[in-house]
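Written out below as structure tokens is the structure these notes cover.
These figures come from a predicted structure and were not determined experimentally. As a basis for the values below, the full set of heavy atoms in this structure was taken, side chains included, without hydrogen atoms, waters or symmetry mates. Just so we're on the same page: letters track the sequence lines, and every chain starts at 1.
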Amino acid sequence: MTIEDILREDIRKAISTHFDIIADDILLQPTKKEFEGFYTFVTFPLTKTTRKAPAEIGQIIGEHLVENASIVAGFNVVQGFLNISLKDSTWLNLFTDISADEAFGTFPSNSLSVMIEFSSPNTNKPLHLGHLRNNFLGDSLSRILKASGYDVVKTCLVNDRGIHICKSMLAYKKFGHGETPETSGLKGDHLAGKYYVKFDIEYKKQIAELVAQGIPEEEAAKKAPWILEAQKLLLLWEQGDAETVALWRTMNNWVYAGFAQTYNKIGVSFDKTYYESDTYLLGKDIIEEAIKTGVFYKKPDNSVWIDLSSEGLDEKLVLRGDGTSVYITQDLGTTELKNSDFHNNRYLWVVGNEQDYHFKVLFAILKRLGQTYSEGCYHISYGMVDLPSGKMKSREGTVVDADDLVSQMIQTAADRTQELGKIDDFDGEEAKLLYNQLAMGALKYYLLKVDPKKRMLFNPEESIDFQGHTGPFIQYTYARIRSIIRKAEQAGIQPTIPGDSYHLHQAERELIFVLSQYPVKVAASANEFAPSLISQYVFELAKVYNQFYAEVSIFSDPDPEAVRLRVGLSAAVSETIRKALGLMGIGVPERM
RNA sequence: GGUCCGGUAGCUCAGCUGGAUAGAGCAGCUGCCUUCUAAGCAGCAGGUCAUGUGUUCGAAUCACAUCCGGAUCACCA
């Protein structure tokens, strides 16, 4: 039972004794800064049933609380707003609970397992900024879900086959001259990407030539020699042609080695990786089977369809006339595979919002097929990342490369840190670790602080900011606290909670109040699949701590009880910052 | 055209199960380092919450309409 629950119960009692009304929903909101109190109860909704003025109702409930509610210290009424303050003993008890709870903010198992699929790259090009948002969201959500009691399985579905890979392969065959990551000095994924770009340049040239000969552009795009060759390559691959498969394998392995480096650098990993080359043929059987039960139907050309118009969707093709799969067929099969592999209670997909429709269709079909797990399927749809210059387009080369971005961030972190000169005694390894932590802190925080559902703007100048609403600001607060804890340890000061006679400083109350919100925020971010709630929370916590830090002196206070409490508060804040940033995959430095 | 998402300070974003004079950060301007890390703190300035109508004691929040931006409606993935 939280303080809020207790207070709600007390208000409910006050209402029933004075007005003879059973109020089921007691709405509490945090009191605005300019008023005294921590919790506010709005009395307007009670005016009708009680036939009393809002201020009068507030007065009556307030008086009742002061007399009867053991946690309440006082109140004030402003118009229809009843602002309630709590006793210092209440705050101290609350803080006692928080500091005693090692697992503060971590929920016990809820006996539910969840699979979360994210990242899911194509193997024809390196990761870019858009993938970073996806990866950070997926990684952070898996940590948040774990903290809120789920058993989590992280998966990645690698898009390792298809026409796009064949394009890279074709360009490599034409222009590669046996180049390898070793001979070129390029990371494998960048090497594959280089040929993907080469393909596109050549392809566009061929289209232009055909158009110049008077062929309409649409037709030219289909007839250009290289696209035909790439399609032939895809066919050869599907037939298992040894040479094609060998090249495919070689190039993909280069790419995987490159991806592994990037994932390692950004701190992302998976429990299980699925490859589309293993799963793309799945799903057909499910459909063939369900034609019999009437879920799907055949058209004269032998293509197979489902009519989802009663769900507000359209008629959707699920198998081509030649019997081959389409995207949705494959996803149906992959989901079935996931379910038979892991039997999870929930399945999540972190996929961009351009696929909203696809997932609506997928879930509708699963439901029609009578799959009970369809109820637990959820598309975590996130918005695109835009650049100040507009949309990122990989074909037009306007993408921000993930590896480049990460190394720029590390460079910036190094420059910034060296300017300040606070860690001149660090050795090379320590410094490197710090730069990495700060760089990833800045980048992850920047991409996670925005509501995932919303489209966001990536402003390069802002993203390397280390002040204000940023990861490094919070990391800095942590490092500051750690310095205090070290000092306290040296001085032999034990954090202790003072007795009931202790009069709290307002800054101390605020700190306890914000700390107490942490578990609520963890639960909310898990429910809404929104790491941004954690990022906002931890920023608020750091801000309130910095205010406290500027306002009160920790070690030079004449009251030893105050010193010991403040050391304890600092420790609790640092731990909560560490946990909260940890939920975002961000590490914390001892010094910076 | 149908469907979906969005439009809040110069910029980037919170707030949106209706509640007080709409909040942060950045940028701009003022102060604060002989005292625990100034990557910090305090303050000033900045808003017709796209527009209109409605519901309500009360609307940035709900409903309807309009305008603007984006996504999607492939036998691509």
Side-chain angles (χ1 to χ4, degrees), chain A residues 25 27 29 31-35 40 42-45 47-48 54 78-81 83 120 122 159 161-164 276 280 299 301 303-305 312-314 316-322 324-328 330-331 352-358 360-361 381 383-384 386 388 391 413 416-417 419-420 422-423 438 442 446 449-451 453-459 461-463 465-477 479-488 491 532-533 535-536 539-540 542-543 545-556 563 566-567 570 591-592:
Chain A
D25 233 11
L27 196 72
Q29 50 186 348
T31 304
K32 292 201 133 201
K33 286 251 166 69
E34 56 266 46
F35 301 102
T40 295
V42 183
T43 64
F44 290 101
T47 50
K48 264 189 190 160
V78 181
Q79 298 166 46
F81 298 89
N83 303 319
S120 305
N122 288 358
N159 204 335
R161 52 131 250 139
I163 191 73
H164 45 287
E276 206 188 87
Y280 81 108
K299 287 200 175 175
D301 68 351
S303 58
V304 182
W305 298 73
L313 304 165
D314 305 298
K316 186 82 190 168
L317 175 114
V318 293
L319 278 184
R320 294 188 185 103
D322 62 6
T324 57
S325 311
V326 290
Y327 181 39
I328 197 94
Q330 202 182 115
D331 248 4
N353 63 8
E354 75 272 16
Q355 291 194 34
D356 284 356
Y357 183 76
H358 169 76
K360 277 185 190 166
V361 171
S381 163
M384 298 288 101
D386 284 331
K391 245 186 111 161
R416 211 59 62 85
T417 305
E419 271 166 37
L420 294 173
K422 292 182 188 179
I423 59 145
L438 294 177
Y446 186 84
K449 72 177 173 183
V450 181
D451 183 343
K453 291 193 290 291
K454 290 188 180 164
R455 178 182 200 101
M456 70 172 286
L457 185 83
F458 182 86
N459 183 325
E461 282 160 34
E462 251 178 48
S463 70
D465 230 321
F466 285 23
Q467 285 159 1
H469 192 190
T470 66
F473 165 84
I474 300 158
Q475 290 170 314
Y476 171 73
T477 308
R480 253 182 163 183
I481 300 177
R482 288 304 300 161
S483 161
I484 283 172
I485 305 293
R486 283 192 298 270
K487 188 171 169 179
S532 57
L533 296 180
S535 77
Q536 276 155 33
F539 175 60
E540 172 72 16
K543 256 199 318 187
Y545 184 83
N546 281 322
Q547 284 160 14
F548 163 85
Y549 183 94
E551 215 169 306
V552 307
S553 169
I554 292 174
F555 292 110
S556 54
V563 175
R566 288 169 191 170
V567 169
S570 300
R591 286 176 54 196
M592 66 183 271

Rounded to whole angstrom units, what separation is found between the CD atom of A:Glu461 and the P atom of B:C11?
-> 15 Å

Grab the CZ-P distance between A:Phe539 and B:A24 for me, whole Å please.
-> 10 Å

More than 12 heavy atoms from other groups under 6.0 Å of CG on A:Leu420 | yes

A:Leu533 CG - B:U17 C1' separation (whole Å) | 15 Å

Check side chain to side chain contact (heavy atoms under 4.5 Å, CB included) between A:His469 and all other residues, then give those that pass, not counting sequence neighbours.
-> A:Tyr445, A:Lys449, A:Phe539

B:A42 and B:C26: how far apart are their P atoms, nearest whole angstrom?
-> 11 Å

Under the salt bridge (Lys or Arg N to Asp or Glu O under 4.0 Å) test, which residues partner A:Arg320, sequence neighbours left out?
-> none

Excluding sequence neighbours, so at least two apart, what forms side chain to side chain contact (heavy atoms under 4.5 Å, CB included) with A:Glu276?
-> A:Asn159, A:Asp160, A:Arg161, A:Thr279, A:Tyr280, A:Gln330

How long is the line joining CD of A:Gln536 and P of B:C13, in whole Å?
-> 13 Å

Respond yes when some side-chain nitrogen or oxygen of A:Lys454 is under 4.0 Å from OP1 or OP2 of B:A14, and no when none is.
-> yes

A:Arg482 atom CZ is separated from B:A39 atom C1', nearest whole Å, by 19 Å

Whole Å only: how far is the CZ atom of A:Arg416 from the C1' atom of B:G40?
-> 15 Å

Ring geometry between A:Phe81 and A:Phe44 (parallel below 30°, tilted from 30 to 60°, perpendicular above 60°) = perpendicular

All side-chain hydrogen bond (donor to acceptor under 3.5 Å, both in side chains) counterparts of A:His164, not counting sequence neighbours = none

Could you tell me whether the side chain of A:Thr417 reaches within less than 4.5 Å of the side chain of A:Met592, counting heavy atoms only?
-> no

Contact class for A:Leu438 (heavy atom, under 4.0 Å): base, sugar-phosphate, or nothing?
-> base

Atom pairs under 3.5 Å: protein N/O with N/O of nucleotides 18-22 of chain B:
from	atom 1	to	atom 2	distance (Å)
B:A20	N6	A:Thr40	OG1	2.9
B:A20	N6	A:Asn83	OD1	3.0
B:A20	N1	A:Asn83	OD1	3.2
B:A20	N1	A:Asn83	ND2	3.4

Please enumerate all protein N or O atoms sitting under 3.5 Å from an N or O of nucleotides 58-64 of chain B, with distances to 0.1 Å.
none

For atom CD1 of A:Ile474 and atom C1' of B:A24, their distance in whole Å = 12 Å

Compare side-chain N and O positions of A:Gln547 against OP1 and OP2 of B:A42 and report whether any pair is under 4.0 Å apart.
-> yes

Taking salt bridge (Lys or Arg N to Asp or Glu O under 4.0 Å) as the test, write out the residues that go with A:Arg416, two or more places apart.
-> none

Identify whether any heavy atom of A:Thr417 sits under 4.0 Å from a base atom; if not, whether one sits that close to sugar-phosphate; answer base, sugar-phosphate or nothing.
-> base

Return the set of residues passing side chain to side chain contact (heavy atoms under 4.5 Å, CB included) with A:Ser381 (not counting sequence neighbours), or none when no residue passes.
-> A:Asn353, A:Asp356, A:His379

Starting from C1' on B:A39, measure out to CD1 on A:Ile423 and report it in whole angstrom.
-> 12 Å

Just wondering, more than 12 heavy atoms not from A:Glu461 lying within 6.0 Å of its CD?
-> no

Between protein and nucleotides 26-38 of chain B, map the contacts as a letter string: B base, S sugar-phosphate only, - none, heavy atoms under 4.0 Å, written 5' to 3'.
-> S---------BBS

Base, sugar-phosphate, or nothing: which does A:Phe473 touch, judged by heavy atoms less than 4.0 Å apart?
-> sugar-phosphate

So what's the dot-bracket for RNA chain B: Watson-Crick or G-U pairs under 3.5 Å, [ ] if a pair crosses, | if it pairs off-strand?
-> ((((((((.[[[[.)...(...]]]].(((((.......))))).....[[[[[..)....]]]]])))))))....

Contact letters for nucleotides 71-77 of chain B, in which S counts primed atoms plus P, OP1 and OP2 and B counts the base, heavy atoms under 4.0 Å | SSS-BSB

Side chain to side chain contact (heavy atoms under 4.5 Å, CB included) against A:Ser553, all qualifying residues, sequence neighbours excluded | A:Ser556

